[in-house]
Each structure stands twice: as C-alpha cells, then as structure tokens.
Amino acid sequence: AIAGLMAITTTNPTFEWEGAQRLIVGNRDELQVSGAIGGPIIDDVLAFRLSADWQRRDSFLDLEDFPEAENSERFSLETYRGKLLVTPSDRVSSLLTFSYQNVREPQTLVVRRPFEDQITAFANNPVFKNEVLVGVIDTKIKLADSVTLELLGSVSDFTVNRFAPASEGNAEVDGFEYVLEPLVRF
C-alpha cells in the first residue's frame with residue numbers, strides 16, 4: 001500500500017538447507033507441534049519451504065457442550081504453508097505462498113462476579129470454526145537501475161461457521177476474494 005501497511009511476514013525459502021521443530025505441552029491439555037523444512041531445488045534459481053503447526057488447548061472456564069458443538073471449550077488450530085522462491089535472473093524474483101488454516105474456538109470467554117471463582121457467564125457458549133485457503137504471488141522485476149515493477153496478487157477462499165445452541169443463531173459465511181496490485185518504484 002502506498003500509505004503503508006502492517007504485514008506479518010513468515011520465513012521465506014533460502015538457498016541453504018534449514019529446518020526447525022518445536023513441541024510445547026502445558027496444563028489444560030495444551031499441545032503444540034510445529035515443524036518446517038526448506039532449501040534449494042535448483043541452486044540460486046528455485047527454493048522451497050514447507051511448514052506445519054498444530055495447536056490445541058482447553059479453556060480455563062468450564063463450558064457446557066450442546067448438540068451443535070461437542071467439546072465446546074476446546075481451542076484448536078492447524079496451519080500448513082508452502083512457499084516457492086523463483087529467481088531466474090538477478091533482475092527477477094517471485095515468491096509464491098500457499099497456506100491453509102483451520103481454527104476452532106469458543107466465541108468468547110466471559111467470567112461473572114466474583115471473578116476469582118472463574119465461573120462462565122455463558123455456559124452454552126457458541127463455537128466458531130473457520131477455514132481459510134490463501135495463495136499469494138509477490139514478483140519483483142528490475143526494469144532499470146532505479147525502476148522496479150512489483151506485482152502483488154492474492155486469492156482467498158474462506159468459510160466461517162458459528163455453531164450455537166438451537167434457536168440462538170447458527171451462521172455460515174462463505175467468501176472468495178482476489179487482489180492484484182501492480183506498483184512501480186523509482
């Protein structure tokens with residue numbers, strides 16, 4: 001964006017082999033398992049990075065299950081990402097990113113007074129389940145020493161589901177969005 005933006009940048013592929021893994025365990029049935037691997041496919045021309053992250057934990061509040069949402073106090077997250085870096089010349093580079101995310105969580109956690117008793121204000125708390133599939137292409141072409149053409153494109157396909165007790169407002173939102181943003185820097 002010309003006026004600026006706030007962007008979250010995940011680790012990009014490099015032409016060096018690398019990997020990482022992480023395991024986290026905790027109370028409330030918390031478990032997180034993450035891993036990534038990447039490296040060159042064709043030296044100095046094509047590199048990849050694959051990553052995956054699985055998380056789950058239970059709420060600090062006791063929530064009641066209902067037919068539309070079993071295990072309603074469970075938070076869970078799955079993220080899978082693949083990236084390709086293409087550098088056919090010193091004047092052209094392109095980064096392709098594909099990601100999938102599946103999230104399930106209670107809509108809100110509200111504690112009633114006295115707060116130290118940690119009793120939920122809404123026992124039948126609705127649950128959200130979101131799925132997102134995203135593709136991004138970020139290409140830079142150096143046209144001259146001080147002129148660069150940048151092409152940023154993205155495609156998103158998403159579904160948001162709200163599961164609530166009968167007659168309290170179940171919802172499903174499906175969406176598809178795409179953006180292509182050319183930019184010349186000089």
Side-chain angles (χ1 to χ4, degrees), residues 1-58 71 74-105 127-161 173-186:
I2 290 177
L5 66 101
M6 184 172 73
I8 298 171
T9 302
T10 59
T11 304
N12 289 330
T14 67
F15 294 103
E16 301 293 326
W17 283 102
E18 60 184 7
Q21 57 188 358
R22 176 173 58 185
L23 174 66
I24 298 173
V25 295
N27 63 334
R28 295 192 304 268
D29 200 28
E30 181 176 9
L31 176 65
Q32 180 177 357
V33 179
S34 307
I37 188 167
I41 297 173
I42 301 172
D43 286 342
D44 300 323
V45 175
L46 184 62
F48 79 99
R49 180 174 175 86
L50 300 173
S51 62
D53 182 55
W54 300 275
Q55 299 179 34
R56 73 156 197 242
R57 68 178 171 84
D58 290 335
N71 201 5
R74 172 62 52 109
F75 290 79
S76 64
L77 168 69
E78 298 173 49
T79 303
Y80 306 95
R81 183 173 297 111
K83 289 186 165 191
L84 283 174
L85 175 62
V86 183
T87 57
S89 75
D90 60 347
R91 301 181 75 80
V92 177
S93 71
S94 190
L95 181 65
L96 301 157
T97 304
F98 301 96
S99 69
Y100 170 79
Q101 192 170 67
N102 184 346
V103 180
R104 183 186 186 284
E105 60 190 354
V127 171
F128 273 92
K129 185 173 189 282
N130 309 325
E131 287 186 87
V132 181
L133 182 62
V134 177
V136 178
I137 184 167
D138 185 0
T139 300
K140 295 175 177 54
I141 303 169
K142 190 171 184 178
L143 301 174
D145 287 341
S146 61
V147 180
T148 302
L149 172 63
E150 297 181 6
L151 298 169
L152 180 63
S154 68
V155 176
S156 302
D157 186 12
F158 60 90
T159 302
V160 177
N161 287 290
V173 176
D174 286 316
F176 181 82
E177 298 177 350
Y178 62 91
V179 174
L180 180 60
E181 179 182 349
L183 177 66
V184 177
R185 293 190 187 271
F186 52 92

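Taking 4.5 Å as the limit, some side-chain heavy atom of Leu152 sits within range of a side-chain heavy atom of Val136. Contact annotation: the side chain of Val33 never approaches that of Gln21 to less than 4.5 Å [non-hydrogen atoms, C-beta and beyond]. Side-chain contact between Phe128 and Asn130 is present, with at least one heavy-atom pair separated by less than 4.5 Å. Between Asn12 and Arg49, the closest side-chain pair of non-hydrogen atoms is not below 4.5 Å. Considering only heavy atoms from C-beta on, Gln101 stays 4.5 Å or farther from Val134 through its side chain. Under the 4.5 Å side-chain criterion, counting only non-hydrogen atoms from C-beta, Leu84 is in contact with Leu46. Taking 4.5 Å as the limit, every side-chain heavy atom of Val155 sits out of range of all side-chain heavy atoms of Leu133. Side-chain contact between Pro13 and Leu95 is present, with at least one heavy-atom pair separated by less than 4.5 Å.
Heavy-atom minimum distance, Phe15 versus Leu85: CE1-CD2, 3.9 Å. Nearest heavy atoms, Ala52 versus Tyr80: CB-CD2, 3.9 Å. Of all heavy-atom pairs between Asp43 and Pro40, the closest is OD1-CB, 3.8 Å. Across Leu151 and Pro182, no two heavy atoms sit closer than the pair CD2-CB, 3.6 Å. Looking at every heavy atom in both residues, Thr139 comes nearest to Ser94 through OG1-OG, 2.8 Å.
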Walk me through whether Leu31 and Leu23 qualify under side chain to side chain contact (heavy atoms under 4.5 Å, CB included).
CA-CA 7 Å; Leu31 176 65; Leu23 174 66; 3.7 Å; yes
Run the ring-ring contact (aromatic ring centres under 6.0 Å, His included) test on Trp17 and Phe48 for me, step by step, so that the C-alpha distance in whole Å, both residues' side-chain angles and the decisive distance to 0.1 Å come before the verdict.
CA-CA 10 Å; Trp17 283 102; Phe48 79 99; 5.8 Å; yes
Determine, stepwise, if the pair Leu77 / Asp53 fulfils side chain to side chain contact (heavy atoms under 4.5 Å, CB included).
CA-CA 8 Å; Leu77 168 69; Asp53 182 55; 4.2 Å; yes
Output, in order, the C-alpha distance, side-chain angles, deciding distance and verdict of side chain to side chain contact (heavy atoms under 4.5 Å, CB included) for Thr148 and Glu150.
CA-CA 6 Å; Thr148 302; Glu150 297 181 6; 4.1 Å; yes
I would like to know whether Asp29 and Arg74 meet side chain to side chain contact (heavy atoms under 4.5 Å, CB included); could you show each step before the answer?
CA-CA 9 Å; Asp29 200 28; Arg74 172 62 52 109; 2.6 Å; yes
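Judged by distance alone, with hydrogens and angles left aside, the side-chain atoms of Thr87 form a donor-acceptor pair with the main-chain N or O of Asp44 at under 3.5 Å.
Here the straight-line distance linking atom CD of Gln32 with atom CZ of Arg22 works out to 4.5 Å at 0.5 Å rounding. With rounding to the nearest 0.5 angstrom, the CG atom of Asp157 is 10.5 Å from the OH atom of Tyr100. Distance check: Ser156 OG to Glu177 CD gives 6.0 Å after rounding to the nearest 0.5 Å. Rounding to the nearest 0.5 Å places CZ of Arg57 at 8.5 Å from CD of Glu105. Remark: Asn27 CG to Asp58 CG distance equals 10.0 Å, nearest 0.5 Å. Between the CZ atom of Phe158 and the CG atom of Asp174 there is a distance of 8.5 Å, given to the nearest 0.5 Å.
Residue Phe176 places its CZ atom among more than 12 non-hydrogen atoms of other residues, nucleotides or ligands, all under 6.0 Å distant.
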